[in-house]
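First comes the structure, then the notes that go with it.
Position 1 is the first residue of the sequence; numbering continues from there.
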Amino acid sequence: MTSSPPSRDAATVGAGPTARPTAPVLLVRDLQAHVAGQQVVEHVDLQVAPTGVTALLGRNGVGKTSTIKAVMGLIGRSGTIELDGEDISTLPTFRIAGRGVGYVPEDREVFSGLTVTENLRLAERRGSEHRYDLVYELFPELEQRGAQAAGTLSGGQQQMVSLARALLNDNRVLLIDEPTKGLAPRLVTEVAEALARAAEVAPVLLVEQNLQVVRDLARHVVVLTDGRSVHHGDASDFLDDPVATQRLLGVHGGTDPAGAA
């Protein structure tokens with residue numbers, strides 16, 4: 001069930017005022033990346049649709065987090081990375097962020113010694129609309145705990161801070177790395193609801209180990225094996241195929257998150 005990414009050949013589907021944009025907001029071709037001289041991404045092609053959630057899946061250690069970091073310029077990389085048709089593959093991280101790529105890292109990485117409010121203020125991007133109304137609507141607890149040091153928050157609350165920093169700005173695409181990792185089931189549900197709302201604001205490239213969350217949120221999937229993209233397609237079709245999910249993820253689809261990180 002291996003497939004190739006669709007070609008970027010049309011900007012819209014249909015004609016007239018009802019035409020829908022289909023050109024990817026993020027296009028990655030032949031991405032390779034390395035850390036300390038070791039190659040961690042061999043060859044990744046992927047596209048992020050202009051709306052909705054695209055999930056990046058694969059077993060542990062196949063290069064999903066490294067792919068996200070390479071797109072952000074956090075590790076050495078080569079290949080083509082285009083944001084709305086603009087080549088950003090040689091730009092430093094701060095310029096990529098400045099062009100509207102929001103990033104939620106795997107391990108939250110809040111500034112523990114700063115308050116919740118200070119963490120959010122540091123994330124404000126000059127020239128961008130700051131969506132505090134959206135952030136506090138999704139995470140009212142953050143407004144209530146604005147004066148509290150982020151390092152004293154629970155893991156779930158720190159994840160809310162990390163997501164809120166990305167949602168604060170008017171981003172063109174969001175890269176979100178394992179947002180439900182280590183969270184209790186109740187918090188997984190809350191974070192999944194926040195992700196669904198986030199996808200209404202900007203398209204999302206999501207690394208996620210909980211396949212039920214992927215099933216609920218994602219329209220498309222890209223699957224990695226050994227640092228290479230080996231499958232691109234509809235999320236439901238992939239998750240409903242027990243042979244493909246067993247072969248590529250080591251699970252039978254559904255709600256079992258094992259092996260999908």
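- Side-chain atoms of Asp241 come within 3.5 Å of backbone atoms of Val243 as a donor-acceptor pair (strictly under, hydrogens ignored).
- Between the side chain of Glu118 and the main chain of Thr115, a donor-acceptor pair closer than 3.5 Å is present.
- Residues Thr245 and Phe238 share a closest heavy-atom pair of CG2-O, 3.3 Å.
- When every heavy atom of Gln158 is checked against every heavy atom of Leu153, the shortest pair comes out as NE2-O, 3.3 Å.
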**Report entry** Steps toward side-chain contact (heavy atoms from CB on, under 4.5 Å) verdict (Val204, Val173)
**Finding:** CA-CA 6 Å; Val204 174; Val173 65; over 6 Å; no
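- Atom NE2 in His43 sits 14.0 Å away from atom CG in Asp226 (nearest 0.5 Å).
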Requested in this report: Just do the salt bridge (Lys or Arg N to Asp or Glu O under 4.0 Å) check on Arg197 and Glu200 with the steps written out, would you?
Outcome: CA-CA 5 Å; Arg197 183 64 186 279; Glu200 297 174 359; 3.5 Å; yes
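- For the residue pair Glu208 / Thr180, a side-chain donor-acceptor distance below 3.5 Å is found, with atom types taken as modelled.
- Side-chain polar atoms of Tyr132 and Glu124 form a donor-acceptor pair below 3.5 angstrom.
- Here the options are Leu74, Ile176, Leu174, the test is side chain to side chain contact (heavy atoms under 4.5 Å, CB included), and the partner is Tyr103; only Leu74 passes.
- None of Thr67, Val230, Val41, Val207 except one satisfies the side chain to side chain contact (heavy atoms under 4.5 Å, CB included) rule with Leu224; the exception is Thr67.
- Remark: the backbone N or O of Val25 is not paired with any side-chain donor or acceptor of Arg172 at under 3.5 angstrom.
- Judged purely by distance below 3.5 Å, without hydrogens or angles, the side chains of Thr51 and Arg219 pair a donor atom with an acceptor atom.
- In this structure, Val44 and Arg228 have side chains that are not in contact, with every pair of non-hydrogen atoms separated by 4.5 Å or more.
- When all heavy atoms of Ala150 and Asn119 are compared, the pair lying nearest together is CB-ND2, 3.5 Å.
- Between Val104 and Arg108, every side-chain heavy-atom pair lies at or beyond the 4.5 Å cut-off.
- Between Gln32 and Glu42, the side chains place no donor N or O within less than 3.5 Å of an acceptor N or O (distance only, hydrogens not considered).
- Salt bridge annotation for Asp177-Lys69: absent, with no cationic side-chain nitrogen under 4.0 angstrom from a carboxylate oxygen.
- Side chain of Asp234 to main chain of Asp237: a donor-acceptor pair is present (N/O by atom type, distance under 3.5 Å, no hydrogens or angles).
- Between the side chains of Thr189 and Glu193, no donor-acceptor pair of N or O atoms lies under 3.5 Å.
- Results of the side chain to side chain contact (heavy atoms under 4.5 Å, CB included) test with Leu195 over Asp216, Val53, Leu167, Leu163 single out Leu163 as the only residue that passes.
- For the side chain to side chain contact (heavy atoms under 4.5 Å, CB included) test with Gln47, the passing option among Val28, Leu27, Leu26 is Leu27; the others fail.
- In this structure, the side chains of Val188 and Asn210 come closer than 4.5 Å at one or more pairs of heavy atoms.
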